[in-house]
Number of protein chains: 2
Amino acid sequence: MSTEPLPMRPFSASLPMALLLAREATMRRFRPSLAEHGLTEQQWRVLRALASADQPIEVSVLAERTALLAPSVTRIVARLADDGMIRRDAVVGDARRSTLALTTRGRRLVTRIAPQSEATYAGIEAAFGADRLAALLDELDDLTVVLDAVDDAREAS
Amino acid sequence: MSTEPLPMRPFSASLPMALLLAREATMRRFRPSLAEHGLTEQQWRVLRALASADQPIEVSVLAERTALLAPSVTRIVARLADDGMIRRDAVVGDARRSTLALTTRGRRLVTRIAPQSEATYAGIEAAFGADRLAALLDELDDLTVVLDAVDDAREAS
DNA sequence: TATTGTTATACTCTATAACTATA
DNA sequence: TATAGTTATAGAGTATAACAATA
């Protein structure tokens, strides 16, 4: 094995890896509860995004908020609609679009999972510190906003 | 749509989502360079982990460091070994194990990608701030360590 | 018996392109 | 012509269980 150092930062200092490992460590605690309800992570993201929206939203918005591609959203939504968790409504004035919202049943499902999810969250806060966690969340949001803003500026130019 | 608030934090305050969105915003900048070299994210993680190891490592260690499952590692390593990027060596004294390391060719591939990767990193530091980024990395690592430590303690008990 | 790793299998997501309907 | 969304398709990863070899 060569001893020549590579001209790049060590793996342990990689931001994508740090984000991935932190997400893994976090999700490891949430997965059992999702599995119990037969939900994939992506399905849960969709349900969660719809539950948090204060009004029905379109596919493109849902895709952006869940970090899923449009074809994935189409499939996941079709499945959840089949299961009676999601409702589609036509948008007046533009027949290409439709909006998505949770049905009563879908809302009930989210409500059923919420307590376990919050308990898991409390455990993470207890282990890491609530203030630290809040600060970390702020930094993560800012990083996302900053990087997306630069991307948008590039696109516009 | 019901107006009853859900008994859980808003989607925007979800740690798993914040980590995922931050990772997406970050990876969006690295992907073009990987695609250029015909590598998937996971293959790159494997190559990167081996490049950073100061000695050959076993499949189980590689799986842990890359956040991949053992069957995925087996397949990815087989492919990269076929392509001549990775070398397997028997472990003396235990025929079940073998160690993995980059070949000269694999090392050359990583070396070729490294400059682009570092340039992307520089862009992220410029946009977000090098100090802030370093602090964020520290917090992410700590979060991971803390959560894994609790998990380990649970297992042991 | 426990461990390391591979194989088998089913499912899901990713990614891109092509396509439909509509604007 | 551009946009929103769906469909088609290929490829890869995820997850679990079963298995082989070895310790």
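Here is how names work: the chains are called A, B, and so on, in the same order as the sequence lines, proteins then strands, and each is numbered from 1.
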Query - Criterion side-chain contact (heavy atoms from CB on, under 4.5 Å) against B/Leu68, the qualifying member of B/Val59, B/Ile76, B/Thr74 - result: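 Only one of B/Val59, B/Ile76, B/Thr74 forms a side-chain contact (heavy atoms from CB on, under 4.5 Å) with B/Leu68, namely B/Ile76.
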**Report entry** side-chain hydrogen bond (donor to acceptor under 3.5 Å, both in side chains) between B/Gln43 and B/His37, worked out
**Finding:** CA-CA 11 Å; B/Gln43 288 173 331; B/His37 294 273; over 6 Å; no
Query raised in the report: Any donor-acceptor pair under 3.5 Å joining the side chain of B/Arg97 to the base of C/dT4?
Result: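 Result: no qualifying N/O pair found.
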Query raised in the report: Between B/Ile57 (CD1) and C/dG5 (C1'), how many Å, whole number?
Result: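 Taking atom C1' of C/dG5 as the reference, CD1 of B/Ile57 is at 15 Å.
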Query raised in the report: To the nearest Å, how far apart are A/Glu41 CD and C/dC13 P?
Result: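 In whole Å, C/dC13 P and A/Glu41 CD are 10 Å from each other.
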Query - B/Arg132/A/Asp142 under salt bridge (charged side-chain N to carboxylate O under 4.0 Å, His left out): CA gap, chis, key distance, verdict - result: CA-CA 11 Å; B/Arg132 262 181 106 187; A/Asp142 250 44; 3.0 Å; yes
**Report entry** Side chain to side chain, B/Leu100 and B/Leu62, heavy atoms closer than 4.5 Å
**Finding:**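 Yes - at least one pair of side-chain heavy atoms lies under 4.5 Å apart.
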**Report entry** pair B/Ile124-B/Phe30: side-chain heavy atoms closer than 4.5 Å
**Finding:**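 The answer is yes; the side chains approach within 4.5 Å.
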Report task. Could you identify which residues cluster with B/Leu20, counting Ile, Leu, Val, Met, Phe, Trp and Tyr as linked when any side-chain heavy atoms lie under 4.5 Å apart, either directly or through a chain of such contacts? Result ->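 Reading the cluster by chain and number, B/Leu20 sits alongside B/Phe11, B/Met17, B/Leu21.
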Requested in this report: Indicate yes or no for a side-chain donor-acceptor contact from A/Thr103 to the backbone of A/Met85 under 3.5 Å, with no hydrogens or angles considered.
Outcome: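 Present.
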Query raised in the report: For DNA chain D, which nucleotides open and close the run of contacts to chain A, 5' to 3', at under 4.0 angstrom from a non-hydrogen atom?
Result: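 Footprint of chain A along DNA chain D, 5' to 3': D/dT3 to D/dA15.
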Query raised in the report: Of all of residues 62-79 of chain B, which get a heavy atom below 4.0 angstrom from DNA chain D, listed by number?
Result: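 Residues of residues 62-79 of chain B that come under 4.0 Å of DNA chain D are, in numerical order, B/Leu68, B/Leu69, B/Pro71, B/Ser72, B/Arg75, B/Ile76, B/Arg79.
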Requested in this report: Using the closest heavy atom to pick a nucleotide of DNA chain D for each, name whichever of A/Ser60 or A/Ala35 lands nearer the 5' end.
Outcome: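 Result: A/Ser60.
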Query raised in the report: Considering heavy-atom distances to DNA chain D, does A/Arg88 or A/Glu24 have its closest nucleotide positioned more toward the 5' end?
Result: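 It is A/Arg88, whose closest nucleotide lies nearer the 5' terminus.
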Requested in this report: Scan A/Arg48, A/Arg28, A/Arg31 and name whichever one has a salt bridge (charged side-chain N to carboxylate O under 4.0 Å, His left out) with A/Glu41.
Outcome: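 With A/Glu41 as partner, A/Arg48, A/Arg28, A/Arg31 yield a single salt bridge (charged side-chain N to carboxylate O under 4.0 Å, His left out), made by A/Arg31.
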